[in-house]
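Reviewing the structure listed below.
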Amino acid sequence: MPEIIITPTQIHLRNSHISYVIGILEGGIAAHLYFGRRVERFCAASVLRRWGLPADGSLNLQNCGLNHTPQEYPACGLGDMREGALIVRSADGTASADLRFVSAEAEEGKYSLPGLPASYGGEAMTLRLTLRDELTGLEAQLLYAIFDDCDIIARSAILTNHGGGELVLERAASLCLELRDSRWDLVTLSGDWARERDVIRRRLTPGEMSVSSIRGASSLLASPFAALARPETREAAGEVIGAALVYSGSFYAGAEVGSRDATRLMLGLNDRHFAWLLKPGERFAVPEAVLTWSDGGFDGMSAQFHRLCAAHIVRGRFAHAERPILLNNWEATYFDFDENKLLAIAEKAAEVGVELFVLDDGWFGHRDADNSSLGDWTVDARKLPGGLKNLAEKVHTLGLKFGLWFEPEMISPDSELYRAHPEYAMQIRGRAPIESRNQLILDLSRADVRDFVYHAVADILSANPIDYVKWDMNRNFTNVGSLELAPERMRELPHRYMLGLYSVLERLQADFPDVLFESCASGGGRFDLGMLYYMPQTWCSDNTDALSRCRIQWGTSMVFPPFAMGSHVSAVPNHQTGRVTPIQTRANVAMSGCFGFELDLNKLPEEEIEAVRAIIARVKRLRKTLLYGDFHRLLSPFEGRDTAWITVSQDRREAVLMFTRDLSQPDTDEPMLTLRGLDPALTYTVLETGETYGGDELMSSGLCVALPQGDAASVSLTLLGA
Ligand code: GLA
């Protein structure tokens, strides 16, 4: 069981691996003292001296003393010259807060947040650290939770206006972490459409370095994640601090090197897209951030995030279930389909062992292109004269489950919905709307719109035998305005939108527990822990090219485990890159996630169909390990031509090794892959070659893997330990 030890001057949270220590300095300033490997006791004197503070915890707040004080939740305005976690504006127009200690309480279990996704359950302890600003009456209840089974500190805050005047929160960060030196690299996951989550590593320099989104979604361009790694930190060794938001909207994640070379790491809502009016008595819940520390390199960091996802983020009956192998018709047909065409695709899929057929975009309204009908969630009888039910039943008769695509948060200007309810769209009164992919965004801050969106999906799920939903979101925010919100609350809209979306998703999850949801946003444009809380898998990218996917899935795995990643085999030449890669390579990469297909199998030559049959049978045999095993990255596509990773079952008796090379080179030696995660005491047989090796040998000397000839060559090996 984790512990929280509270004394008058110190609060110490720890589990068997990590410690997080808060000091209560003179006058009640909550100071950050330590985050790292577990310690038995913590004497603050050295850390305080290192910050240039009196070792006895006394403070001089004159001469901008706060500028050199490591604080847990620094407010702007009273001498701290760095970016603060909190900006609160009073009715007189000034912005300041002086948060002082009121109380610290520890309780068993994990706190929850009203209306927001948050890590849950397990053996956990919660700290409620209450601070208060006497002048404004603002109370900040800082929430911390520490888990037993993963080295994660979860953080949030509840901000309450106990004063007599109105307050406006202009910033309310989720996490602030103070570090006394700047010898760190900032690692972020940045990309764009079809190349999500490149691993970007930059040496910190004085000033701010950040990634952010004002897109209303966590975005294709950057993930709500940041890590600080020592310059010498590598995949399997070195110190790293990782942080991620359990949130899906506009965000900020960055580090600032300030005076005396100190570093402040901060994650939270993006205040370019946020302000919140707090009337007397009102409270605001800050989205959750999760924080991990490891000295086991990026591998160590990811292991903690993966464990968190599996045990404390994903919910429902699919959380630990073997996910169905699916076939999605999008790249097979785009908008051009009818029932017969779909059934022909589904029939072939069933024949080779696929388990779920997904009908993507184009089944509703009169949607023959991406320029109409979002909002008109009634079946297009031209394409499906028998209706959805008839199609779903026929698909079921083939022995397949049936899934359906929705983009429920959107409205096409060419739709019955828009003609009847133009006020449903997010908009700025008097300004022409900016369309993107020919569509506008529904204003989910409105109760009537939330109700509409819930029923649009729920009514179809109730009336038809649907087993799976792909929930898409294909544009970002512009014209951020609501016809319903009062002017003084308009800056709340982006966050109110997220709260609205989360409430719809919560309702749908509760009412349809047997439906598997997969989230998507033009590929992986909303791949975050917030969406994962409601939907157990996320479509990684619209780019299904195997070599591109090596990079995308590598980057994604920094935070997210294989069971969270939708990854499919698609046709060649690949629709996004034009590249031709062998079917085995496409499958080897895709099977390291929620496996499926994005093509018409009828178009494959017979020998490839045979290969697909064998691949599916193998994935079914190995998928428990592939989805829920421990995932270790071995060779990085960001550093060379090769990508390798291994997934090892929980009992370490089964492992699947994936090795792919981009361009063939005749005179290149095959590398020795130094494996990880195996049991050193076991003997492993490589099923495909019959060779046997000691686990210790494989993790020390390594395994030399021969690749077939040709570009984009790949091997996937099964290791069985005994
Ligand atoms: C987005 C998704 C695709 C597909 C299309 C349909 O781009 O990422 O997978 O569903 O929408 O319009």
Side-chain angles (χ1 to χ4, degrees), residues 191-197 215-221 223 248 326-337 341-342 345 356-377 379-380 383 402-415 435-441 456-457 466 468-476 516-528 531 535 537-545 548-549 552-553 556 564-571 574-577 586 590 593-600:
D192 210 329
W193 179 75
R195 55 179 189 85
E196 294 90 337
R197 289 173 293 285
R215 291 164 180 269
S218 46
S219 93
L220 294 157
L221 277 88
S223 294
S248 319
L326 70 83
L327 183 140
N328 178 305
N329 76 306
W330 177 239
E331 290 196 2
T333 65
Y334 293 105
F335 294 101
D336 180 20
F337 60 81
K341 203 168 180 179
L342 296 176
I345 297 172
L356 161 67
F357 174 77
V358 180
L359 172 54
D360 209 278
D361 196 355
W363 58 267
F364 51 92
H366 58 98
R367 190 158 161 97
D368 296 328
D370 63 11
N371 57 7
S372 83
S373 306
L374 293 169
D376 299 346
W377 300 104
V379 75
D380 183 348
K383 293 179 188 172
F402 179 73
L404 196 61
W405 180 95
F406 288 91
E407 196 178 354
E409 299 161 65
M410 297 293 153
I411 180 167
S412 303
D414 176 11
S415 66
E435 292 176 21
S436 178
R437 211 194 190 205
N438 309 301
Q439 64 202 49
L440 304 174
I441 303 181
V457 179
I466 292 170
Y468 161 105
V469 166
K470 177 175 172 185
W471 182 292
D472 210 340
M473 194 269 191
N474 282 315
R475 70 154 288 180
N476 292 146
L516 171 61
F517 282 78
E518 176 158 350
S519 103
C520 172
S522 306
R526 206 162 53 180
F527 206 139
D528 55 67
M531 291 316 279
M535 308 196 201
Q537 54 194 64
T538 301
W539 182 225
C540 232
S541 175
D542 278 351
N543 186 348
T544 43
D545 173 86
S548 303
R549 275 301 187 112
I552 294 166
Q553 291 174 211
T556 304
M565 295 186 213
S567 47
H568 300 168
V569 169
S570 58
N574 179 272
H575 292 200
Q576 289 74 37
T577 63
R586 283 172 272 157
C594 299
F595 186 67
F597 295 86
E598 200 84 8
L599 79 175
D600 181 353

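Order of appearance sets the numbers: ligands from 1, and atoms from 1 within every ligand.
Listed by number with element, the atoms of ligand 1 under 4.0 Å from a non-hydrogen atom of Gly523 are 8 (O). The atoms of ligand 1 that sit less than 4.0 Å from any heavy atom of Lys470 are 3 (C), 4 (C), 9 (O), 10 (O). In the vicinity of Cys520, heavy-atom distances shorter than 4.0 Å reach the ligand 1 atoms 2 (C), 8 (O). Proximity to Trp539 (heavy-atom distance under 4.0 Å) selects the following atoms of ligand 1: 9 (O). Close contacts between ligand 1 and Asn474 involve ligand atoms 1 (C), 7 (O), 11 (O) [criterion: under 4.0 Å to a heavy atom].
Using 4.0 Å as the threshold, Arg437 has a heavy atom nearer than that to some atom of ligand 1.
Relative to the six-membered ring of Trp193, Arg475 misses at least one condition, a distance below 6.0 Å or an angle of at most 45° to the axis.
For atom 12 (O) of ligand 1, the closest non-hydrogen atom of the protein is Asp361 OD2, 2.6 Å. The protein non-hydrogen atom at the shortest distance from atom 1 (C) of ligand 1 is Asp472 OD2, 3.1 Å. Nearest protein neighbour of atom 4 (C) of ligand 1, counting heavy atoms only, is Asp360 OD1, 3.4 Å.
Using modelled atom types and a 3.5 Å distance limit, the side chains of Ser248 and Arg526 yield no donor-acceptor pair.
Residue contacts with ligand 1, taken as heavy atom pairs separated by less than 4.0 Å, do not involve Glu407 at all.
Phe364 places none of its side-chain heavy atoms less than 4.5 Å from the side chain of Glu407.
Under the side chain to side chain contact (heavy atoms under 4.5 Å, CB included) test applied with Gln537, the options Met531, Glu518, Lys470, Met565 reduce to a single match, Glu518. No option in Asp360, Asp361, Leu359 other than Leu359 meets the side chain to side chain contact (heavy atoms under 4.5 Å, CB included) test with Trp363.
Under 4.0 Å is where a charged nitrogen must lie from a carboxylate oxygen, and between Lys341 and Asp600 no such pair does. Note on Arg367 versus Asp380: no salt bridge recorded, every NZ/NE/NH1/NH2 to OD/OE distance being 4.0 Å or above.
Backbone and side-chain nitrogen or oxygen atoms of Arg367 are examined, and none is located within less than 3.5 angstrom of a nitrogen or oxygen of ligand 1. The shortest N/O to N/O separation between Glu598 and ligand 1 does not fall below 3.5 Å.
Of all non-hydrogen atoms in Asp542 and Glu196, the two that sit nearest each other are N-OE2, 4.2 Å. The shortest heavy-atom contact between Ser522 and Asp472 is N-OD1, 3.5 Å.
Which of Asn543, Asp542, Leu374 comes nearest to atom 3 (C) of ligand 1 through a heavy atom is settled by distance: it is Asp542.
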